[in-house]
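For reference, the structure is listed below as structure tokens.
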Number of protein chains: 2
Amino acid sequence: MLAGLSRQYRGTAVIDYSQGLENGGMHMVHLSSVYRKLEEGSKRLTPQRELVIRIFSEHPGEHLSAEEVHQLVKKKFQDIGLATVYRSLELLTQLEILTRINFDDGRSRYEFNQEETHRHHHLVCVRCGRVEEYGEDLLDTLETRILNERGFAVLDHELKFYGVCRACALKKTN
Amino acid sequence: MLAGLSRQYRGTAVIDYSQGLENGGMHMVHLSSVYRKLEEGSKRLTPQRELVIRIFSEHPGEHLSAEEVHQLVKKKFQDIGLATVYRSLELLTQLEILTRINFDDGRSRYEFNQEETHRHHHLVCVRCGRVEEYGEDLLDTLETRILNERGFAVLDHELKFYGVCRACALKKTN
DNA sequence: GTGCGTGCAAACAATTTGCACGCTA
DNA sequence: TAGCGTGCAAATTGTTTGCACGCAC
């Protein structure tokens, strides 16, 4: 099975998963489902891929870009190629372990594809640029209507709200 | 006033606006509001900018990219620089004459910022890539809730549905 | 041994920017 | 005449790809 795969690769760092990735906090990721998805895609869980996953697990709710992931991996663990980061992100997205999001800041960003927290939306502050998450989903009825009215079968949706966050609203000046 | 500005520039084409841009069809654009917005921004309505606007008025509902606008302007009117198209799109977006949209196809796209048709959404077909529009807006109550619950004052929102359009659903094979 | 995954550098594509020049206010 | 707007080419930036190598199966 895959669990045994991730010992080492290219003679580099060995990652201790005795405690799993679940240590992160509230935004838990089920390593087992990561293993399963890799297995189903018959992909190896290499140290580089593990590191990428680990970065996300240690930065819950952060919408990281490829460059940011690369920097974090380098800083916290070891040097890996930026191209490898891109390829890992691509792979993990295809396996639905990550989700690609676009905040129109010129680069793609990624977050865990948390099926439990499924369909959360984003509140993008136009002043400070910070992105909050919003868990509500009231769009099901709308999706049914779209199917009936237009014959368009909705598979997924993406909703972003642009506005002013509480913190910025409180800053009276400027 | 601005109306008299757009005679010619660099000795090139003169555009006849005796009939205005409103000829386009259902997706009418009020030239007067375009004038007003340029005036408020104290920007000139140059022939190049007019041509860009004209292209959008002649392609209602089409979500054009910079490159596409450039090609269309060149084909239908005259050769202008691609950089100028980019700068025009940027300016017109800032003046809220156009709206920038992102369909994750690797380039920014633009459409008229139709305040009348305000808040229409997009149905993106994951098979053929075509984008339909959907005029409904049921998000007002949700926005009020977000303000109350989170203190986040929503100014605008963007909603995209991904799914299979009717045409593709009918193609049984492949 | 075959092939997947990686690192590096080169290639790409969309977009931005520097600069000289012409036209407009 | 001062400065905005343009065209062109060069520069940037995010992302992808070709290739040789090494480890895993």
Side-chain angles (χ1 to χ4, degrees), chain A residues 1-14 38-39 41-53 63-71 73-74 77-95 98 100-110, chain B residues 1-14 38-39 41-53 64-71 73-74 77-95 100-110:
Chain A
M1 77 294 284
L2 269 168
L5 283 182
S6 46
R7 287 302 84 185
Q8 51 184 291
Y9 197 79
R10 198 169 254 253
T12 48
V14 175
L38 281 165
E39 206 167 336
S42 51
K43 300 294 179 184
R44 296 189 200 149
L45 180 55
T46 64
Q48 288 86 340
R49 290 171 185 172
E50 280 185 305
L51 291 175
V52 170
I53 293 170
H63 318 108
L64 303 169
S65 68
E67 183 59 40
E68 286 166 357
V69 170
H70 185 222
Q71 290 305 320
V73 171
K74 271 170 54 176
F77 304 104
Q78 63 178 282
D79 203 351
I80 73 175
L82 178 55
T84 300
V85 172
Y86 272 104
R87 283 187 278 231
S88 298
L89 293 173
E90 177 63 28
L91 174 71
L92 295 171
T93 300
Q94 280 181 7
L95 294 177
L98 297 179
R100 174 185 276 122
I101 347 167
N102 197 315
F103 292 126
D104 303 309
D105 61 345
R107 74 207 66 192
S108 290
R109 295 181 169 281
Y110 300 80
Chain B
M1 75 297 281
L2 269 168
L5 283 181
S6 46
R7 287 302 83 186
Q8 51 183 287
Y9 198 79
R10 198 169 253 255
T12 47
V14 175
L38 282 166
E39 206 167 338
S42 50
K43 299 294 179 185
R44 296 188 200 150
L45 180 55
T46 64
Q48 288 87 339
R49 290 172 183 171
E50 280 186 303
L51 291 175
V52 170
I53 293 171
L64 303 169
S65 68
E67 183 59 39
E68 286 167 356
V69 171
H70 186 222
Q71 291 305 321
V73 170
K74 271 171 52 177
F77 304 106
Q78 61 176 281
D79 202 352
I80 72 176
L82 177 57
T84 299
V85 171
Y86 272 105
R87 283 187 277 231
S88 297
L89 292 173
E90 178 62 27
L91 174 71
L92 295 172
T93 300
Q94 281 182 8
L95 295 177
R100 174 185 278 123
I101 348 167
N102 197 314
F103 292 125
D104 302 308
D105 62 344
R107 74 205 68 190
S108 290
R109 296 183 170 279
Y110 299 81

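Note that the structure is a prediction, hence the values are computed from the model and not measured. Below, read A as the first sequence line, B as the second, and so on, with proteins coming before strands; counting in each chain starts at 1.
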To the nearest 0.5 Å, atom CG of A:Leu51 lies from atom OG1 of A:Thr46 at 8.0 Å
When rounded to whole Å, the CG to C1' distance for the pair A:Leu89 and C:dT6 reads 15 Å
From CZ of B:Arg109 across to P of C:dA14 the rounded distance in Å is 10 Å
When rounded to the nearest 0.5 Å, the distance separating CD of B:Glu50 from CG of B:Leu38 is 9.0 Å
In this structure, CG of B:Leu95 is separated from CZ of B:Arg49 (nearest 0.5 Å) by 8.5 Å
Separation of D:dT17 atom P from A:Glu90 atom CD, nearest Å, is 9 Å
B:Gln48 atom CD is separated from D:dG7 atom C1', nearest whole Å, by 9 Å
For A:Thr46 and C:dG5, is the shortest distance between a side-chain N/O and OP1 or OP2 below 4.0 Å?
-> no
The reported gap from OH in A:Tyr110 to CG in A:Leu89 (rounded to nearest 0.5 angstrom) is 5.0 Å
Between CG of A:Leu51 and C1' of C:dG7 the distance, given in whole Å, is 15 Å
note: B:Glu50, atom CD; D:dG5, atom C1'; distance rounded to Å ~ 14 Å
> So, is A:Arg44 near the phosphate of D:dC25, with a side-chain N or O under 4.0 Å from OP1 or OP2?
Replying inline: no
note: B:Lys74, atom NZ; D:dG7, atom P; distance rounded to Å ~ 12 Å
Practice problem: Would you indicate whether the side-chain heavy atoms of A:Asp104 and A:Asn102 approach each other to under 4.5 Å? | Solution: yes
Distances under 3.5 Å between protein N/O atoms and the N/O atoms of nucleotides 8-14 of chain D, please, pair by pair.
{"from": "D:dG14", "atom 1": "OP1", "to": "A:Arg107", "atom 2": "NH1", "distance (Å)": "3.4"}
{"from": "D:dG14", "atom 1": "OP1", "to": "A:Arg107", "atom 2": "NH2", "distance (Å)": "3.1"}

Here the distance between atom C1' of C:dT15 and atom NE2 of B:His70, to the nearest Å, is 14 Å
Residue pairs passing the side chain to side chain donor-acceptor pair (under 3.5 Å) test with at least one member in residues 82-91 of chain B, sequence neighbours excluded, are B:Glu90-B:Gln94, B:Glu90-B:Arg100
